[in-house]
Q: 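Attaching a single structure in structure tokens format; questions to follow.
Proteins get letters first, then strands, A, B, ... in listed order; numbering begins at 1 in each.
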Amino acid sequence: MATTTKTTPPALPVPFTTSTTPLTLITQGAEAHLYRTTFLTPTTPAALKIRPPKPWRHPVLDRRLTRQRVLAEARVLAKCAREGVAVPGVLGLSWEEGWVAMEWVEGRSVKEAVRGRDVGDEEGLRGLMRRVGGAVGRLHAVGVVHGDLTTSNMMLRPVGDGGEKGEAGGLEGEIVLIDFGLAGQTVQEEDRAVDLYVLERAFGSTHPREEGMFGEVLEGYMEAFKGSKGTLRRLEDVRMRGRKKSMIG
Amino acid sequence: MASVETVTLPHLPDSPIQLSLFKNVQNSAFLRQQLLEGNSDFEYAFLDASILISRNQILAACFRAITDSLNNRLKSRNVHSEIVFDLSPNNNIAESFRRFGIQDTSSNVVAVKVLRNPNQSVAEHLRQNVQGEPVPLTDEALAEVKDDARLRKIYRLDQPKKGETAALGKEAETFIIGSMALKGS
């Protein structure tokens, strides 16, 4: 993060150009900028994900890709909301201007929670890992793969209204998956296995000391998803060969 | 008096809206007729309150209608008819008016007005022309008059399972607002 090149965030689309509501840039990826703001009411915090136009692409292609990606993400979120999987709900979107407003998820990421935890609390970590697996299992059970499962794309939302335990750095809370920018709807075992494999690899490199705990994630996964057996069998294959099945590209 | 509420949506400082809920409205047919005739004194979105789950649902429709208006891509005649249309999860304009707009038999009505300037107020005009009991537009007041079965049908929500309460909660609101946002895609 120690970059010295200063880049100004791109121009905002209408209506945010004339907004008097604060928009705070939280993070930026290759495709989109994420702002924290409010939406619908001044007391409803929201995450606003804006996909600015890419000037290096042909304008027609750019519009089409932006539209497809905004809609793919929103459709997956809507599907999850309908099926009762814990994800941020869609509050508004425009595929023409390339933005989605989503419910703000309180709490911190699983990555921060694991790093900042009380090292003595092994049971707490074990429980957390199971809930992570459960969240992924419920997602897969409704026919969705996330595409970029990492511990920073999972939030640990305090349960109840800001109980004292949750904020003190405990590992309690509900897992809410975020950032569905690479998600897809699928029925293929392979896709689910790759989803788990990506998480396994990301987990191992982000939390090397906790790597041995990944078995708990798979335990939680098995409890939450009936078809887990086939996926886990396929995961063995994916581990042997890596993420890419085809040898092209 | 206090029943007409002025709201400024986040990010839309130049388009304040006024909202009000009237119960036991007696002259719905007259109000609907004014809309059909295009009476320019009645530039409102009159919504049937039975298919409204929450204030946020109304505000989401207003946000989309106003931004689509700013971007010159209204699908219907004006911003007020667009608010009615934007409540619908599909693209059928006539159907959306039938389902979400005021009907001759509507007894609970939400009036929405997009103001042209912040000093304008339609409180007096509504008081004179809507024969009904003005009540504060709260989620609780909407919950009293909403028709869960119709909401489920229109937004294609699952029927309640045995043992579940038939009433729709926060998850349903999230899904409804999501369906509205994805409409037309």
Q: Going through the distances and angles, do A:Val90 and B:Leu182 end up as a side chain to side chain contact (heavy atoms under 4.5 Å, CB included)?
A: CA-CA 9 Å; A:Val90 175; B:Leu182 276 162; 5.9 Å; no
Q: Would you say the side-chain atoms of B:His11 pair up with the backbone N or O of A:Val14, donor to acceptor, closer than 3.5 Å?
A: no
Q: Is the count of non-hydrogen atoms from other residues, nucleotides or ligands lying under 6.0 Å from B:Arg156 atom CZ greater than 12?
A: no
Q: Can a side-chain donor-acceptor contact be found between B:Ser179 and A:Arg82 if the only test is distance below 3.5 angstrom?
A: no
Q: What's the spacing between A:Glu83 CD and B:Glu171 CD if we round to 0.5 Å?
A: 13.5 Å
Q: Show the nearest heavy-atom pair for residues A:Gly92 and B:Ala181, with the distance to one decimal.
A: CA-CB, 4.0 Å
Q: Quick check on the structure: residues of residues 12-33 of chain B within a heavy-atom distance below 4.5 Å of chain A, by number.
A: B:Leu12, B:Pro13
Q: Tell me if the NZ atom of A:Lys111 is crowded by more than 12 foreign heavy atoms within 6.0 Å.
A: no
Q: What is the minimum heavy-atom distance between A:Pro42 and B:Pro10, and which atoms define it?
A: N-CG, 3.8 Å
Q: Quick check on A:Arg67 against chain B: is it the side chain, the backbone, both or neither that has a heavy atom closer than 4.5 Å?
A: side chain
Q: Sort out for me which of A:Leu91, A:Val70, A:Leu77, A:Thr41 touches chain B most, counting heavy-atom pairs under 4.5 Å.
A: A:Thr41
Q: So if I take each residue of residues 44-76 of chain B and look for any heavy atom under 4.5 Å from a heavy atom in chain A, which residues do I end up with?
A: B:Asn56, B:Leu59, B:Ala60, B:Phe63, B:Arg64, B:Thr67, B:Leu70, B:Asn71, B:Arg73
Q: Is A:Thr17 close to chain B through its backbone or its side chain, or both, or neither, when contacts mean heavy atoms under 4.5 Å?
A: neither
